[in-house]
There are 2 protein chains.
Amino acid sequence: MGLDKIDLSILRELQQDSSLTNQELADRVGLSASPCLRRVKALEESGVIDKSVTLLNQNKLGLKLTAFIQISMDRHTPDRFELFESTLESFPEVKSCSLVTGQSADYLLEVVVEDMERYQEFLLGKLTRIPGVTGVHSSFLLRRIISRTSLPLDHLK
Amino acid sequence: MGLDKIDLSILRELQQDSSLTNQELADRVGLSASPCLRRVKALEESGVIDKSVTLLNQNKLGLKLTAFIQISMDRHTPDRFELFESTLESFPEVKSCSLVTGQSADYLLEVVVEDMERYQEFLLGKLTRIPGVTGVHSSFLLRRIISRTSLPLDHLK
DNA sequence: GGTGAAAAGCTTCGTGT
DNA sequence: ACACGAAGCTTTTCACC
């Protein structure tokens, strides 16, 4: 699964704009249409390309509050984790949830809601009601400095 | 900027797959091609739709380590922040960087690298060399439970 | 919101470098 | 492996209803 310069160039372009036509993409990476399409298909086939999605503007949708929540559990047993994770799946407010290492927390969540009132409802009405959740530490997004959907291809050999 | 049922339905579909043809999208939301395209264009025009991007598979690219880093600064002065933020922009390892509230940290970073050795290089060679960076607390991703590129449209009126 | 026709883009060949 | 070109098809983009 060796990726050459051109493959990386294709990935870089598509990471920034998946709505490019094959012709435009071919021009940008210095190829003609057919080999370009071949490469894209191969990248999809190999799984390097996962999928293409449309990103929405949170603020325009009225979702103005982003919170990062660190959560610790009382016991580290499989049933605790399973219940927590399956419950979280049903909460639309949860943008991401990661099991992480560390003494201070077990899970790291990113939650998106309309305002502080909704956040409070989420915290008290949903999150802290899950059995096993003991520590909850919230911090709120003030300003997004960097948000790359792109992966760092530059420092790959 | 009122979004009706159909608009939300369009956004839901595109958030999951931006490679849908207009025809397929129209079928899914129960519209014919032209009004469907009209709505999509309007959503782009209004800025609700930001852009479309291709997502890559981190592991297949050899980027196997994700770290969450909490950073605190010695002083909260504009020049400190500006230098930190502009320096971070040049680090390809940084997937996201957010200025956040809280006593324990000022910034929250998500960093993606190939392995622990690269991470160490990033931490010692790059991050901690930025003036003003005092506290650095890392935790590492064990397992991704939820990762939605989608925003929660379900609980919008 | 729907229809239909023209324009543009994509796919898949084959041939040649 | 890539470039080129043409046929056949789907999609997009307009008019207009």
Side-chain angles (χ1 to χ4, degrees), chain A residues 1-57 60-62 149-157, chain B residues 1-63 149-151 153-157:
Chain A
M1 188 208 56
L3 303 176
D4 63 11
K5 292 275 185 193
I6 301 181
D7 286 324
L8 290 178
S9 174
I10 288 174
L11 294 177
R12 240 188 304 273
E13 294 293 335
L14 290 181
Q15 277 197 125
Q16 290 171 38
D17 186 2
S18 66
S19 71
L20 285 175
T21 66
N22 183 53
Q23 194 60 251
E24 285 172 329
L25 180 60
D27 291 343
R28 294 195 188 187
V29 302
L31 241 56
S32 61
S34 17
C36 182
L37 190 61
R38 263 202 298 275
R39 281 170 181 266
V40 172
K41 294 293 179 193
L43 289 168
E44 287 171 350
E45 196 64 29
S46 72
V48 173
I49 288 181
D50 187 8
K51 60 174 178 175
S52 297
V53 299
T54 296
L55 304 180
L56 307 185
N57 185 321
K60 299 242 174 179
L61 286 166
T149 54
S150 327
L151 289 172
L153 302 176
D154 303 316
H155 56 155
L156 289 181
K157 61 211 147 287
Chain B
M1 187 207 55
L3 303 175
D4 63 11
K5 294 275 186 191
I6 301 181
D7 286 323
L8 290 178
S9 175
I10 288 174
L11 294 176
R12 240 188 304 272
E13 294 294 336
L14 290 180
Q15 276 196 126
Q16 290 173 39
D17 186 1
S18 67
S19 71
L20 284 175
T21 65
N22 182 54
Q23 193 65 248
E24 285 172 329
L25 180 60
D27 291 344
R28 294 195 188 189
V29 302
L31 242 55
S32 62
S34 15
C36 183
L37 188 61
R38 267 202 292 272
R39 282 168 179 266
V40 172
K41 294 294 177 192
L43 289 167
E44 287 171 350
E45 196 65 29
S46 72
V48 172
I49 287 181
D50 187 9
K51 59 175 180 176
S52 295
V53 300
T54 296
L55 303 180
L56 308 184
N57 185 322
Q58 291 193 188
N59 284 329
K60 299 240 173 178
L61 287 166
L63 299 165
T149 55
S150 328
L151 290 172
L153 302 176
D154 302 316
H155 57 153
L156 290 180
K157 64 219 147 283

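Note on naming: letters A, B, ... go to the chains in the order of the sequence lines (proteins, then strands), and numbering restarts at 1 for each one.
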[X] [atom1] to [N] [atom2]: how many Å, rounded?
| X | N | atom1 | atom2 | answer |
| --- | --- | --- | --- | --- |
| Glu44(A) | dT11(C) | CD | C1' | 14 Å |
| Leu25(B) | dT13(D) | CG | P | 13 Å |
| Leu37(A) | dA3(D) | CG | P | 13 Å |
| Arg38(B) | dC16(D) | CZ | C1' | 11 Å |
| Asn22(A) | dG9(C) | CG | P | 12 Å |
| Leu20(B) | dT12(D) | CG | P | 10 Å |
| Gln23(A) | dA8(C) | CD | P | 14 Å |
| Ile10(A) | dC2(D) | CD1 | C1' | 13 Å |

Query - Closest approach of Ser18(A) to Ser52(A) (non-hydrogen atoms, all atoms of both residues) - result: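 So the two residues come closest at CB-OG, 3.7 Å.
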Query raised in the report: With respect to the phosphate group of dT11(D), does any side-chain polar atom (N or O) of Thr21(B) fall under 4.0 Å of OP1 or OP2?
Result: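 Checking dT11(D) against Thr21(B), a side-chain N or O does come within under 4.0 Å of OP1 or OP2.
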Query raised in the report: Roughly how far, to the nearest 0.5 Å, is the CD1 atom of Ile49(B) from the NZ atom of Lys41(B)?
Result: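 With rounding to 0.5 Å, NZ (Lys41(B)) is 9.5 Å from CD1 (Ile49(B)).
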Requested in this report: First locate atom CG of Leu25(B), then atom CG of Asp17(B), and finally report the distance between them rounded to the nearest 0.5 Å.
Outcome: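 Here the interatomic distance stands at 10.0 Å.
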From [options], nucleotide with atom closest to [X] side chain:
| X | options | answer |
| --- | --- | --- |
| Ser34(A) | dG5(D), dG9(C), dT11(D) | dG5(D) |
| Lys41(B) | dT11(C), dT13(D), dC2(D) | dT13(D) |
| Ser32(B) | dA1(D), dG2(C), dA3(D) | dG2(C) |

Requested in this report: Start with the C-alpha gap between Leu31(B) and Arg39(B), add the side-chain angles, then the distance that decides, and say whether side chain to side chain contact (heavy atoms under 4.5 Å, CB included) holds.
Outcome: CA-CA 10 Å; Leu31(B) 242 55; Arg39(B) 282 168 179 266; 3.8 Å; yes
